[in-house]
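In what follows, residues are counted from 1 in the order of the sequence shown.
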Amino acid sequence: MKRRNKIYLYMTIILLFIYAGLLALLYFSECTDKNATIRTVGDAFWYSLVTLTTVGYGDLTPVTTLGHAVGIVFLLLSAGIMMTLFGAVISFVTSEGLPFLMLNFQRRKNWYYFADYGAEANTLASNIYREDPDAVIIYGEKKDDQMEFPDYPCLFISASPARIVACKKNTGTKCKVFLMKENDIGVNSRAVDLHILPVEVYARTTNGQDHLSGNINFFHSYDCCARQYWRSKPLCSHENTIAVIGFGNYGRCILERAILTNIISVTQHVAYHIFGDAKEFLAMHRHLHEMFSIGEISETTDSLIFHDEFWETHHSILEHADRIIICTDDEPEGWNIFWRLNRYYKIRGHIDLHCNRKAPGVSYFGTNEEIYTPNQIMRTELNKAAITINDIFRKSVSYPTLDWDELDDFHRESKIAAADHILMKIRILLNDETITNLSAETVGKAYQKYCDTKTSEAAQDMYRRLDHLRWLRFYTFYNWSYGAVRDDSARQHPMLCPYKDLTPEQRRERDAAWELLGSISTEL
């Protein structure tokens, strides 16, 4: 690049010398002729300018033979200059020059950079633009001629995040970078050195933790789908039997979120029948038997029953299930199961089908529009609620605790899981299972109900028992066990015990998740 710049510099200097020489020839050939109109260097410069730009006023003209020769050279050069200028304009418009010029005028806006254009990136960008009026959407690749242009304003620039950041010049908010292909951060050249740039990175992954280090954040599309499913279709009190068909990426996350979120009563006994290979899942979560009945239906606690056989052989389970969740990783296979269930089985409950597109007349979930939203991918509201829970918790205990920035990923996820359960708490407090969204009015009513009823010792005890059950499930799911002294490296905790064995202060710790309702109500 430096060598090319030097060549351009030398060529420019040579052209300037040639131009200066032509002006000198024109001046000296004309200034001595009594009929000449070009008598000064300024006249020669003006004539050259008018001729080279093809304006041709005719106010100055050479009269000598040598002057005519120089004039012919300027005339010939004018065509080349105009073609060069025209080509430069076309090149500027069709290349990256114009988009970068447009970016320079929008530095104070919020920039969202996508490494590649695809269906997921397009959906997320569309949702971002709908929610953020100051959004500037940038795709880090050139637009393909076959590509349909998006329905929102955006720029296609074949440029790295580093070049985009340099253009923003630390003005306004940090640029957000999205790597939307699965496990792309390890192979995409656009991901190089992202950790040292002043950007927030969100990379799609199928494994690993949610937070790597510094500015690198991961999101799991399967987990986002599971969160969205249980948020839009929460567990109801009348549901005791749930069948999950398909135990790949989607099925595993659906069950994980059920384990961590579906806590509505301290006496519930929901039986989850899972059809698929669960050997790896059970081997990984080896303490689940402490909170669930594994392999057998229980009347006192939730049950996890895994079936290696084909789902088609379990007519009784499917016919008596309160809900059937079809969540195979292969969508056509899911549709095939859906049609066979409807055709050959007497279904008492309802069927929920994982489907990437809206399907009229079908109870579907997991479309791109539902999964790839700013709140799902960046978890802004969920993280905010989790931070508030941690602040309330720190104020409620007498011993020193860490603030949000000091927490490791596991303990952050613990607070996020508590925030995930807020919708269930509202449904319990208001005794209304039709609620699936958090509004200011709904949260306000729930918090008021909590404040009114927690004065009753029995009610407060029930609230604490319920959240302790949720907390136990979370820690057990991540293979923690009881220990007389807390030891994070050994994954042991003294509160991993029945509620009756907790100290009064330990019981009060369970209030933080309920008190969060007040903060959410005020904010909404």
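Under the side chain to side chain contact (heavy atoms under 4.5 Å, CB included) criterion, Asn104 pairs with Arg107, Cys167, not counting sequence neighbours. By the ring pair (Phe, Tyr, Trp, His ring centres under 6.0 Å) test, Trp514 pairs with Tyr450, Tyr463, sequence neighbours left out. Partners of Phe149 by ring pair (Phe, Tyr, Trp, His ring centres under 6.0 Å), not counting sequence neighbours, listed by chain and number: Phe156. Lys449 is linked by a side chain to side chain donor-acceptor pair (under 3.5 Å) to nothing, counting only residues two or more places apart in sequence or in another chain. For Lys425, the side chain to side chain donor-acceptor pair (under 3.5 Å) partners two or more places apart in sequence, or in a different chain, are His421, Asp467. For Trp230, there are no ring pair (Phe, Tyr, Trp, His ring centres under 6.0 Å) partners, not counting sequence neighbours. Taking the side chain to side chain contact (heavy atoms under 4.5 Å, CB included) definition, one finds that Glu280 meets it with Met284, sequence neighbours left out. With sequence neighbours excluded, the residues satisfying ring pair (Phe, Tyr, Trp, His ring centres under 6.0 Å) with Phe410 are Phe474, Tyr475, Tyr478, Trp480. With sequence neighbours left out, Asn342 forms a side chain to side chain donor-acceptor pair (under 3.5 Å) with no residue at all.
Counting only residues at least two apart or in different chains, side chain to side chain donor-acceptor pair (under 3.5 Å) contacts with residues 169-181 comprise Asn110-Thr173. The stretch residues 385-397 participates, sequence neighbours left out, in no salt bridge (charged side-chain N to carboxylate O under 4.0 Å, His left out) pair at all. Applying the salt bridge (charged side-chain N to carboxylate O under 4.0 Å, His left out) test to pairs two or more places apart or on separate chains, none has a residue in residues 126-139.
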